[in-house]
Each structure stands twice: as C-alpha cells, then as structure tokens.
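Since the model is a prediction, treat every value here as computed from it, not as a measurement.
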Amino acid sequence: MEWWTCLAGVAAGLLIAVVTAPVGVSGAVFLLPVQLSVFGVPSPAVTPTNLLYNVVAGPGALLRYRRSGALRTPLVRLLVVGTLPGVVVGAVIRVFAVPGPTVFRVLVALFLLPLGLWLCWRTLRPVRRVTAEAEPAPQVLVALALGVGIVGGVYGIGGGSLLGPILVGRGVPVARVAPAALASTFVTSVAGACTYALLSLTGMGAIAPYWLLGLACGLGGLVGGYVGAHLQPRLPETALRLLLGGLAAGVGGLYAVQALA
C-alpha cells in the first residue's frame, strides 16, 4: 500500500471520528463507503477492515468516557451481551451468503437511507427524554442488540453504531447512549475481526482485512474519538444529530443509485 494511502486513511479516520464519537458512533458506518469507493477495498474484505478500524479507534473515546465513569452502567452490559453473539453470526452470513459487491451495496442503502431519514425526523420532531427506569426492558434491549449485532457483522460496524441512533432517536439522552454504544461496538468488533480472520483460512476470495489500511484509519479514529468524546458537552446535540442523519441518508442514497445503475 502506498504511503499516501496510509496518510489518507489516518485523515479519514480522524475527521469521521471527531464528528461521530460525541453521539456514540465509531465512524465505521461512514468509513465503509470511503473504503469501497476511494481506497478500492474489495468485498467482503472491506467488512473486516472496517471492524479492524473499530478495534484500533475505539479505545480513544472509551478512555475519555471511562474517566467520567460513564461506562459503569447496566446499559453497557446489556448491549454487549446482545451484540457479541450477533456479530459472529453476521460475519458468517457476510462471507457465505452475501459475497457480491452489488448485493452488498443494496444492503448498505437499505441500512443507511432509512436510518438517516429516521434520525433526522426524530431530531426535528423530538420525543421527551426518558429516564433510566423508562428505558426498554432488559430483555428487549438484549433482543434488539442481538438483531443489530447480526446486521453489524454483515456491515462491518460492530452493531453499536446502529444501536446508538436507534436509542437516541427514541429519546434516550445521548450522554447515556454514547458510552454504551461505543463499548458495544469495540467488544463486538474484536470478535467480528477475529471471526473474519478465521474464516479467511478456509474461505475463498478476499476475506481477511486489509491490515495496513485498517490500522491507519484506526489510528486516526483513535485520536479523533478521544477529541470527539471530549467535545461532546460543548457541541449542540441537534446539529450533530442532523449531520449524522444527513450523512447516513446521503451515503445510503448514493449506494442505492450505484446498485440500480
């Protein structure tokens, strides 16, 4: 890999993580289209490369949240318990059932476009904030996390990046959701990346992650995630939600057009 590609990966990971970490998103949800279109990472190797980014970038924001005590909540444990087995199942589905780039682009569009539009709509029509007691029941959270973990294993985002917008859109405060979603993303990304590495030993095609690119993007995300988590109390929540929703909807729409072309 050329040196400029490594630098571009660091810059991409840094910029994306600064914007997304304050709301509990690792940035992998937006990095994946960059890997496909800019860096030309083939499918399905793009998914474990994205998970590798999460593994390297995650500790940056988590360190900041740990210092504030935000990781010591039941929500963190529930999301991890649900998404961890889901991401392994999703990795197997990704390799053996969804190998083609066209089908993958369709899935990207189906995930991102409605999620982005929904997040924008919930921001413009906010619901009341809920207390910890009013959050979904533990069984519901685990079941939701399991389903999102499967999707995250296919998509390469660990699962927490989808759970964050879902819970925030429902009305749970960002300050409560962000640490739990990022912790879930980190743990499940470690499991997902290991699963893909094992599958690459028996499967055919580009299944193993692009190690140098994933590490370069992750290094940028490590710094950007710490900065983003530090800036969270100082940034307007409404603007960040609209930005995330707009980016998700825009990327989803782009891939929908490419898949139909």
Side-chain angles (χ1 to χ4, degrees), residues 13 17 20-21 24-29 31-32 35 41 43-63 65-66 71 73-99 104 107-108 111 138 141-167 177-203 205-211 213-215 217-219 221-222 225:
T20 58
V25 178
S26 70
V29 67
L31 182 63
L32 186 142
Q35 292 194 48
V41 180
S43 178
V46 65
T47 300
T49 303
N50 229 30
L51 291 173
L52 179 60
Y53 160 82
N54 283 338
V55 172
V56 179
L62 291 177
L63 176 61
Y65 286 127
R66 181 179 180 275
L71 294 178
T73 66
L75 183 61
V76 174
R77 294 188 291 272
L78 291 172
L79 296 189
V80 170
V81 167
T83 54
L84 188 56
V87 74
V88 176
V89 175
V92 175
I93 294 174
R94 176 71 181 91
V95 172
F96 295 106
V98 194
F104 190 44
L107 288 179
V108 171
F111 294 152
L141 281 172
V142 172
L144 176 62
L146 177 63
V148 170
I150 294 175
V151 174
V154 175
Y155 189 29
I157 57 177
S161 296
L162 291 177
L163 279 170
I166 290 173
L167 293 176
V177 173
L182 286 173
S184 171
T185 295
F186 175 73
V187 173
T188 53
S189 293
V190 172
C194 292
T195 301
Y196 275 101
L198 292 175
L199 290 173
S200 68
L201 300 177
T202 58
I207 299 176
Y210 273 38
W211 295 99
L213 181 60
L215 292 173
C217 294
L219 180 61
L222 181 68

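Across all non-hydrogen atoms, the minimal contact from Ala180 to Leu79 is CB-CD1, 3.8 Å. Leu71 and Ala183 make their closest contact through CD2-CB, 4.2 Å (heavy atoms, listed as atom of the first residue, atom of the second, distance). Here the closest non-hydrogen pair linking Pro85 and Leu146 is CG-CD1, 4.0 Å. Closest approach of Val56 to Leu219, counting heavy atoms only: CG1-N, 3.7 Å. Listed here is the closest heavy atom pair of Leu51 and Gly192: CD1-C, 3.6 Å. Nearest heavy atom pair, residue Phe186 against residue Gly58, reads CD1-CA, 4.2 Å.
With rounding to the nearest 0.5 Å, the separation of CG in Leu213 from CD in Gln35 is 5.0 Å. Interatomic distance, CG of Leu222 versus CG of Leu215, reported as 11.5 Å (0.5 Å rounding).
The shortest side-chain heavy-atom distance between Leu52 and Pro48 does not fall under the 4.5 Å cut-off. The side-chain heavy atoms of Thr195 and Val87, taken from C-beta on, include no pair separated by under 4.5 Å. Contact of the Thr83 side chain with the Val187 side chain is not registered, since no non-hydrogen atoms from C-beta on lie closer than 4.5 Å. A heavy-atom distance below 4.5 Å is not found between the side chains of Pro179 and Thr73.
The side-chain contact (heavy atoms from CB on, under 4.5 Å) test applied to Ala61 returns Ala21, Tyr65, Leu182, Ala229, not counting sequence neighbours.
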